[in-house]
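Structure first, commentary second.
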Amino acid sequence: MRSFVPDEGYSKVSGIPVLQGRRTVLVNGGGGFLGSHLCERLLQRGHSVTCLDNFSTGRRANVAHLASNTRFRIVEHDVRQPFDIDASLIFNFASPASPPDYQRDPVGTLLTNVLGAVNTLDCARKTGAIVVQSSTSEVYGDPTQSPQHESYCGNVNPIGPRGCYDEGKRSAETLFFDYHRTYGVDIKVGRIFNTYGPRMRLDDGRVVSNFIVQALRNADLTIYGDEQTRSFCYVDDLIEGFLRFSAAGSACNGPINLGNPAEMTVRRLAEIIRDLTNSRSRIVHLPAVTDDPRQRRPDISRAMADLGWKPRIGLEAGLARTVEYFDGLLAGTEKAEVV
């Protein structure tokens with residue numbers, strides 16, 4: 001296994017970790033919403049990128065514009081099966097992430113997170129790669145404290161309908177830190193809070209995409225429960241956080257929260273989206289979903305101190321870009337249906 005030199009290939013500009021030099025990077029789940037943005041940014045920085053995806057929830061269309069780049073390739077593969085790809089840096093973003101997706105195949109979701117982590121870590125162990133895990137705020141469950149700091153162990157129902165995802169991600173974190181302690185694998189674990197932006201699917205099932213699609217169709221904006229709050233981070237900000245995290249050196253391995261600490265009610269989000277789209281939609285409340293967290297707000301003090309990172313893109317600016325994307329997507333879908 002290659003020996004990792006903490007400062008090799010890294011630099012700091014004004015205290016900001018920056019990945020230096022051309023690297024070979026593997027992005028598991030590279031065809032997904034977040035993974036495709038990550039592939040794009042890595043290519044823009046001059047790296048060679050392999051996108052590994054079975055396209056069960058990711059889409060080839062998300063990376064079609066990258067296909068002509070000679071430093072980009074796609075490997076169609078399921079992370080539940082072992083793989084051996086030479087890379088100096090691995091991002092593990094492979095997992096269904098929206099409730100409709102992971103509840104459609106709960107056993108498969110759990111195995112994707114657990115076996116996917118094992119196979120990714122085994123690959124990193126062979127090659128000496130740095131491996132970055134995309135974990136989630138769902139490891140905190142329905143929190144009893146706010147904001148959620150990385151030291152909080154969470155309030156998760158392991159046998160509920162969300163357990164396949166929540167416990168899958170928690171188990172993956174356990175594996176990452178055990179591989180680090182036992183085998184010396186150079187790991188990083190980032191916990192993602194609600195993120196939105198272009199390339200989310202029309203049927204994604206998450207709150208931002210749901211509201212935008214409903215608003216553009218002048219359908220009811222459906223809120224599940226009464227007093228839920230969330231914190232929303234634009235995709236460009238999140239990817240910047242992961243890039244800085246990947247370049248932060250071996251002493252900074254997390255877990256680290258990556259998200260926007262600006263908390264708001266879900267109803268307020270619905271009102272903003274309705275206004276942005278000039279929609280005639282009504283806002284209606286439906287019964288709460290089982291185990292759906294009532295509150296989400298990250299404590300990002302660690303990310304600010306260690307990475308010099310915090311979100312820069314305001315909610316309305318990010319939502320405007322996302323609305324434009326969905327408006328074009330819906331127009332194309334409706335045109336295809338007519339044809």
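Y152 forms part of a hydrophobic cluster together with V139, Y140, F193, judged by ILVMFWY side-chain heavy-atom separations under 4.5 Å.
Cation-pi geometry between R201 and F33 is not satisfied (NZ or CZ under 6.0 Å from the ring centre, within 45° of the ring normal). Y183 carries R125 over the face of its six-membered ring, with the cationic atom under 6.0 Å from the centre and within 45° of the normal.
In this structure, the side chain of N62 engages the main chain of G31 through a donor-acceptor pair within 3.5 Å.
Sorted by first and then second residue, the salt bridge (charged side-chain N to carboxylate O under 4.0 Å, His left out) pairs involving residues 112-124 (not counting sequence neighbours) form an empty list. Residue pairs meeting the ring pair (Phe, Tyr, Trp, His ring centres under 6.0 Å) criterion with at least one member in residues 251-291: none, sequence neighbours excluded. Counting only residues at least two apart or in different chains, salt bridge (charged side-chain N to carboxylate O under 4.0 Å, His left out) contacts with residues 309-323 comprise D236-R321.
Cluster membership check: Y165 does not share its hydrophobic cluster with V189, using side-chain heavy-atom separations under 4.5 Å among Ile, Leu, Val, Met, Phe, Trp and Tyr.
Taking every heavy atom of both residues into account, L329 and M200 meet most closely at CD2-O, 4.3 Å.
Annotation: salt bridge (Lys or Arg N to Asp or Glu O under 4.0 Å) contacts of D78 (sequence neighbours excluded): R80. Under the side-chain contact (heavy atoms from CB on, under 4.5 Å) criterion, S231 pairs with E263, R297, P298, not counting sequence neighbours.
For E227, the CD atom sits in a loose shell: 12 or fewer heavy atoms of surrounding residues, nucleotides or ligands are nearer than 6.0 Å.
When the options R282, R274, R280 are evaluated for a salt bridge (charged side-chain N to carboxylate O under 4.0 Å, His left out) with D220, the one that passes is R282.
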